[in-house]
Each structure stands twice: as C-alpha cells, then as structure tokens.
Q: 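Please find one structure pasted underneath; my questions will follow.
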Amino acid sequence: MRWFLLSVVIAAACGKNNEPPPPSSGSPNAKPESGPRHRANAGSNEQARAMFATVCATCHGSDGTGTGPAAENLNPKPRNYTDPAWQASVTDDDLRKTILLGGQGVGKSPMMPGNPQLKDQPEVLDGLVQIVRGFGRK
Ligand code: HEC
C-alpha cells in the first residue's frame, strides 16, 4: 500500500515535470498576445500587404507617393501618402470608408475603386489603413 501511494506521487510529480516550459517570448517587452489571434493578424496583414502591392500600388505607388504606373493618366492624381499634413487631416474611419466605397462613394475621384468585399474582412481593411498610415511615419 505504501509503495502504491509512493508511485502515484512519483507519477504525479513526473507528470508535472514533463509539462512544457512556459513559452519564452525572447523579448521582455513582447506583448502577451494569445497565439491564435496573433496568427490571424499576421495572416491578414500579409493579405493586406499583398493586396496593396498588386492592386493599390498600381496607382498609389509602392512608396505611397501616388506615382504608380497607372497614375499617370489620372486626374486628380492619388495623393502623396507621405504628406504629414494630409495624414493629420484624415481619420482612420475616413480611410476605411474610401477604401470600402471607392472615390465615388465619398465624393472623391471615381477612379479610386471601391473594395466592398473587404466589408467581410475587417482585418484586411485595417491592414490597408495601417499601410497607408505607415507611409506617413517614414
Ligand atoms: C485605378 C487607380 C487606383 C487604385 C487601383 C487604387 N486607388 Fe486609391 N485612389 C485613387 C485616386 C485617383 C484617389 C484620389 C481620389 C481623389 O482625391 O478624389 C485615391 C484615393 C484613395 C484614398 C483616399 C485618400 C484621401 O484623399 O483621403 C485612399 C485611402 C485610397 N485611395 C486607398 C487605396 C487602397 C488601399 C487601394 C487598394 C485596395 C487603392 N486605393 C487602389 C486611385 C486608385
């Protein structure tokens, strides 16, 4: 009986010791984000980046200055996203709305196409807004 108890205790102790160590983030400043959410965000940011590079950059330029290859014949031209005065003049909601509805939906140039499908992908929409904002931080 004593041996039985002892082995149970040992087994329990071993079980504890075999638990994987807590994930170390490597940086003391790392945010305590939960895994799945983090992965989802990374995925949609990638989607947003890919979308900007393949769609938006044709007009807005990969550097955000509004000088993409398709911008040459546009009037008005897409604005320069690196302009701090413009960055300060619009809210994230303004940007979201223009990207969703297109220029026509917000009284801007109809050459700015809408992306109504992003209504169901708010993470991608936010990713695009962050990309646009990112040009102003350089
Ligand atoms: C066919 C060219 C074209 C494409 C493609 C395009 N845009 Fe635009 N975009 C424009 C033009 C032109 C304007 C300026 C409209 C105006 O000022 O009247 C504009 C304006 C905007 C604005 C509003 C800026 C402001 O003045 O407040 C945002 C935000 C924007 N685009 C984001 C995007 C994103 C994100 C994409 C890709 C999903 C994209 N655009 C794709 C041409 C384009």
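Whatever order the structure lists ligands and atoms in, that order sets their numbers, starting from 1.
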Q: Heavy-atom distance to atom 39 (C) of ligand 1: which of Met112, Met51, Arg133, Gln87 wins?
A: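 Heavy atom nearest to atom 39 (C) of ligand 1 belongs to Met112.
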Q: Work out whether the distance between some heavy atom of Asn115 and some atom of ligand 1 is less than 4.0 Å.
A: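 Under 4.0 Å: yes for Asn115.
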Q: Does ligand 1 have an atom under 4.0 Å from some heavy atom of Val55?
A: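 For ligand 1, residue contact (heavy atoms, under 4.0 Å) with Val55 is present.
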Q: Would you check whether Pro113 reaches within less than 4.0 Å of ligand 1, judged by its heavy atoms?
A: yes
Q: What protein heavy atom lies closest to atom 2 (C) of ligand 1? Include the residue and the distance to one decimal.
A: Cys59 SG, 1.8 Å
Q: State if Pro76 counts as touching ligand 1 under the rule of any non-hydrogen atom under 4.0 Å.
A: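 The answer is yes: ligand 1 sits under 4.0 Å from a heavy atom of Pro76.
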Q: Less than 4.0 angstrom from a charged side-chain N to a carboxylate O is my criterion; do Lys97 and Asp94 meet it?
A: no
Q: Out of curiosity, does Met112 fall in the hydrophobic cluster containing Val90 (side-chain heavy atoms, cut-off under 4.5 Å, transitive links)?
A: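 No, separate clusters.
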Q: Please state which protein non-hydrogen atom is closest to atom 24 (C) of ligand 1 and give its distance, to 0.1 Å?
A: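 Checked against all protein heavy atoms, atom 24 (C) of ligand 1 sits closest to Trp86 CZ2, 3.6 Å.
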Q: Does Gln117 reach the main-chain N or O of Leu100 with its side chain, forming a donor-acceptor pair under 3.5 Å?
A: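 Judged by distance alone, no pair lies under 3.5 Å.
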Q: Do ligand 1 and Thr58 have nitrogen or oxygen atoms that lie under 3.5 Å from each other?
A: no
Q: Give the residue and atom name of whichever protein heavy atom lies nearest to atom 25 (C) of ligand 1, and the separation in Å to one decimal.
A: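 In this structure, atom 25 (C) of ligand 1 has Arg79 NE, 3.2 Å as its nearest protein heavy atom.
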Q: May I ask you to list the atoms of ligand 1 that are less than 4.0 angstrom from any heavy atom of Tyr81?
A: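 Answer for ligand 1: 21 (C), 22 (C), 28 (C), 29 (C), 30 (C), 31 (N), 32 (C), 33 (C).
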Q: Go through the steps for Asp93 and Thr91 under the test side-chain hydrogen bond (donor to acceptor under 3.5 Å, both in side chains), then give the verdict.
A: CA-CA 5 Å; Asp93 255 2; Thr91 67; 5.5 Å; no
Q: Is any side-chain heavy atom of Asn115 less than 4.5 Å from a side-chain heavy atom of Leu101?
A: no
Q: Output yes when the distance from some N or O of ligand 1 to some N or O of His60 is under 3.5 Å, and no in every other case.
A: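 The answer is yes, given that His60 and ligand 1 share an N or O pair closer than 3.5 Å.
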